[in-house]
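Structure, as structure tokens:
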Number of protein chains: 4
Amino acid sequence: MISATETAKDPPAKQPRTERGRRTRQKLIDAAAVEFGEKGFHEASIIGITGRAGTALGSFYTYFDSKDEIFRSLVKELGDMVKTRAAAALEPEQSALEAERAALHEFLEFSREHKEIYRIIDESEFVDPQGYRHHYERTARRIMERLAHGVAAGDLRSDVGEVEAWAIMGMNVFLGLRFSIWAEDADPIGIADTANALLKAGISAHS
Amino acid sequence: MISATETAKDPPAKQPRTERGRRTRQKLIDAAAVEFGEKGFHEASIIGITGRAGTALGSFYTYFDSKDEIFRSLVKELGDMVKTRAAAALEPEQSALEAERAALHEFLEFSREHKEIYRIIDESEFVDPQGYRHHYERTARRIMERLAHGVAAGDLRSDVGEVEAWAIMGMNVFLGLRFSIWAEDADPIGIADTANALLKAGISAHS
Amino acid sequence: MISATETAKDPPAKQPRTERGRRTRQKLIDAAAVEFGEKGFHEASIIGITGRAGTALGSFYTYFDSKDEIFRSLVKELGDMVKTRAAAALEPEQSALEAERAALHEFLEFSREHKEIYRIIDESEFVDPQGYRHHYERTARRIMERLAHGVAAGDLRSDVGEVEAWAIMGMNVFLGLRFSIWAEDADPIGIADTANALLKAGISAHS
Amino acid sequence: MISATETAKDPPAKQPRTERGRRTRQKLIDAAAVEFGEKGFHEASIIGITGRAGTALGSFYTYFDSKDEIFRSLVKELGDMVKTRAAAALEPEQSALEAERAALHEFLEFSREHKEIYRIIDESEFVDPQGYRHHYERTARRIMERLAHGVAAGDLRSDVGEVEAWAIMGMNVFLGLRFSIWAEDADPIGIADTANALLKAGISAHS
DNA sequence: GATGAATGAGGATTCATTCAT
DNA sequence: TATGAATGAATCCTCATTCAT
């Protein structure tokens, strides 16, 4: 149902062969994150990227085949960062609900540090549809795995599954949009607690 | 879920004076929905739109000032449709939870009929950022109003508020993405029921 | 052996729909002949072509999809011109040898008027290999047909065929290069007579 | 037919000092023959050449000043090869016609072994126009000298001269194109015989 | 109103050549 | 000598928009 593996073949790409090359490539990726985050894919320009990176225009093509390719690299890198950050926030003995609270909290913090992530992931729907879909499917899968653990541990209702995973992901994404990107007018911990209360017992008065 | 976005000042636009003109204009709007939905804003072209509409390139500018303008018109039109549909699905005597279930169910059905809506609303983030933000803020506000009703009626916990509204909107949007746009491998009624159970009592085993 | 037909499908191309458009297109073709003849394909530029044609850069793309395409159109046009001119020079009652003399003479004259033809046909070997091959194969075929007539009429030896056709074409092309393109230091009529004497009786002293 | 083109001043070029260097240089020349023959001058790239040669990009400039220079070196090398081959095919006591037959036959064989020669010589028209012209003028001169010998020996008509030399060169080049490069569907000996019969007595039935 | 030709700013991309290691 | 990263000039092509008919 949900694709089971990371894309088999990362494009072989032009991998730098020296340390100096590796550094230049990274400068370009970082610059691209800023440029794309600020202007969006279509308004962004290679000149803008290399300008920010402090390299010559041509150097871009030493490391990337095209504007599309660096964008895709960026989407993947951001996805990896989210995954890493989320994983780091989890602790072995946590209950399923505590894990979701920690994951959301971490995501809210991460989004505040990397505001560009929303525009880049959102725009990947048009620039790199496969990467876009992959991003959300892998994220949903991670949530499902956590939920499955919770079910196995007896923390969660036994019928909890994919629908709940996508619902949780949607909650998280929109809470990030509202409280990390558009305004920081509420404490991430409070948001995470509130959302967690919803998950724990719903919103009904007579639970 | 996805509602009309009225940009502050609706420029009076070039209104057709004759019936023939009105028909030509509508043909262009319909063609634009297909073109934008299929290709996204930037890949779409005026030629593509007029080609589908069966009019000459120049005729486009008889009715619209720019590519941006027809895009915004389209967003507005789609928003109006959803608004109408959503309103029709609600019933006066419904409880707050029943209203949310009905709203989600209707949205899932609508999304299946108008798959282009996701791409168009999503892309408005880049084409008409103000409209994009406005769209979600107003939708969240509408949900908040329903929740407030529920609180007043004693159906919902008294601390339910903005965070829950955004969480619900996020759930709905992502459930639509997964189960209406990407695949129709589950029954909208079942999805709506499952999501509603989450809202009602959470996912914990010991509620 | 030698392909029997003109290429089935001339690319549909962007045909002008008005008289004005037809004129603009022709201005571009004429300008391209000069530009390509002067600079060669790779040094030539679209700006150079539109500059000579007196049109805007973008107008080029109203009529041609690419630099390659106009080049190919040109190769074809030149090939057609050669064919037309050669045909016009032939007369019904001519003997085979007289026909060859007339064809060579006409070609020498034509080459003097259209010196760009050599560079363009020659460069088509690299830009439009199919067109290049097609050009010489169709020319050889025409010569073969004339020779076959001559054989049938009893003017020529009965074993005359494809080898002789290619030999004659080669003679003509190189005589044109030497006496029409590089220098006009001899009279086309004299050249044609001399070459025709070779065809008639060879160069041996004891024929 | 295709002979060495010595551009007025052979720049001393970067001669390798060591045996290892000499070998690297030769690897580059060989690789260039393949690359240019396959892609033509403009489509060929230095990276393509060094890739085939198995050297680093930068090493190219240790041995050649530019892409043009290696191209010219290649033309010269090919020319030297043909010159050697042609000379070896001629014999002292041959009649003028026999010499032409032997020269054509040898050229047809050589072209089959070195199909790249056509593309490289042809493209020199654009890359090294002086060399191109020089090449054919010198080849024509060589044929003229052979013809002059034949006239002196009484083998050939006394009015045979430059026109016939260019005609013969053209025949040979186009027979090579047709029967060595494009297809090998006929025996070089047969071709040479047929062409020689034309030279000997023409194509007329009543010679 | 309808038509389609004309316009030109704007940007991605290539690749020969230079240079630091 | 060998290596491969860095450079940037050069140009093709797109397409929204304007305009003449």
Output for pair (B:Lys67 NZ, B:Phe36 CZ), nearest 0.5 Å, gives 6.0 Å
Starting at the 5' end of DNA chain E, which residue's closest nucleotide do you reach first, C:Pro16 or B:Thr24? B:Thr24
salt_bridge(C:Arg52, C:Glu38) N-O dist < 4.0 Å: yes
Select base, sugar-phosphate, or nothing to describe what B:Ser45 touches, counting heavy atoms under 4.0 Å on all strands. sugar-phosphate
So what does A:Leu57 hit on the nucleic acid, given a heavy-atom distance under 4.0 Å: a base, only sugar-phosphate, or nothing? base
Which value, rounded to the nearest 0.5 Å, describes the distance between C:Thr55 atom OG1 and C:Arg25 atom CZ? 13.0 Å
Residue B:Thr18, side-chain heavy atoms: nucleotide from E:dG8, E:dG1, F:dA6 that is nearest: E:dG1
C:Glu35 has an atom CD; how far is it from atom C1' of F:dT11, in whole Å? 12 Å
When you measure from the side chain of D:Lys67, which nucleotide among E:dT17, E:dA12, F:dA16 comes out closest? E:dT17
Can you check whether C:Asp122 reaches D:Tyr132 side chain to side chain, under 4.5 Å on heavy atoms? yes
C:Tyr61 has a side chain; which of E:dA12, E:dT3, F:dT14 sits nearest to it? F:dT14
Starting from P on E:dG4, measure out to CZ on C:Arg22 and report it in whole angstrom. 18 Å
Need to verify one output field. Residue with the more 5' nearest nucleotide on DNA chain F, B:Ile46 or A:Thr62? A:Thr62
Closest nucleotide of DNA chain F for C:Ser66 versus for B:Ser66: which of these residues is on the 5' side? C:Ser66
Residue pair B:Arg20/C:Gly21 against DNA chain E: nearer the 5' end by closest nucleotide is B:Arg20
Classify D:Ser59 by what it touches in the nucleic acid, base, sugar-phosphate, or nothing, heavy-atom distance under 4.0 Å. base
